[in-house]
Amino acid sequence: MATKKGTGTLWHIRAEGFGECYVAADNWEQATVEAAKAFRIPWRLVASKCEEIGRSTYVRNVCPKCGRIFNREGVLCTLCLESERTYREEAARTAKAAAAREIRRFYREERAKI
């Protein structure tokens with residue numbers, strides 16, 4: 001795996017319905033496996049939905065989003081990792097609220113028909 005070495009290939013992957021992530025892997029198959037781990041879902045649910053946004057050289061302990069040097073395992077620094085987590089949580093809340101609004105709208109229209 002590229003994460004064990006100092007350099008390798010960094011994949012920027014988007015999966016429809018799950019968002020985007022950065023993963024370090026040697027080839028596309030390993031990149032999809034790492035993306036599934038980053039999204040915290042089974043690989044079989046995300047493998048066919050993955051598409052490559054970009055590819056670059058991976059330098060260990062340098063964040064690809066902000067360029068900061070950090071001293072821990074992983075691809076992203078702590079701040080970027082936290083902002084990504086916050087973004088995903090906000091997107092989930094927004095989707096849940098949109099579904100609730102749609103249900104309320106449906107029942108309001110059904111009551112109006114009666």
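The pair R85-E90 does not count as a salt bridge, with every side-chain nitrogen at least 4.0 angstrom from each carboxylate oxygen. With respect to R105 and E109, a salt bridge is recorded, a charged nitrogen being found less than 4.0 Å from a carboxylate O. Of the charged side-chain nitrogens involved, none lies within less than 4.0 Å of a carboxylate oxygen, so that K49 and E16 do not count as a salt-bridged pair.
Between T86 and S83, the closest side-chain pair of non-hydrogen atoms is not below 4.5 Å. The closest side-chain heavy-atom distance from F18 to I41 is below 4.5 Å. Between C66 and L79 there is no side-chain heavy-atom pair separated by less than 4.5 Å. Taking 4.5 Å as the limit, some side-chain heavy atom of V75 sits within range of a side-chain heavy atom of L10.
With values rounded to the nearest 0.5 angstrom, Y87 atom OH is found 9.0 Å from T94 atom OG1. Atom NZ in K37 sits 4.5 Å away from atom CD in E34 (nearest 0.5 Å).
E102 places no side-chain N or O within 3.5 Å of a backbone atom of A98 that could act as its donor or acceptor partner.
Between F39 and C21, the closest heavy-atom pair is CZ-SG, 3.8 Å. Of all heavy-atom pairs spanning N61 and R72, the tightest one is OD1-O, 3.3 Å. What you find for A35 and V23 is that their closest heavy atoms are N-CG1, 3.7 Å. Of all the heavy atoms in I13 and T32, the pair that sits closest is CD1-N, 4.4 Å. Contact between G74 and Y58 at its shortest, heavy atoms only, is O-OH, 3.7 Å. Across every non-hydrogen atom of A38 and R88, the tightest pair is O-NH1, 3.8 Å.
Atom CG of N71 has 12 or fewer heavy atoms from other residues, nucleotides or ligands within 6.0 Å.
Grouping the Ile, Leu, Val, Met, Phe, Trp and Tyr side chains by contacts below 4.5 angstrom, directly or via other members, places Y22 with L81.
The only option from R55, E52, E20, K65 that meets the side chain to side chain contact (heavy atoms under 4.5 Å, CB included) definition with H12 turns out to be E20.
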field: Residue pair W28, W11: steps toward the side chain to side chain contact (heavy atoms under 4.5 Å, CB included) verdict
entry: CA-CA 8 Å; W28 175 249; W11 301 79; 3.6 Å; yes
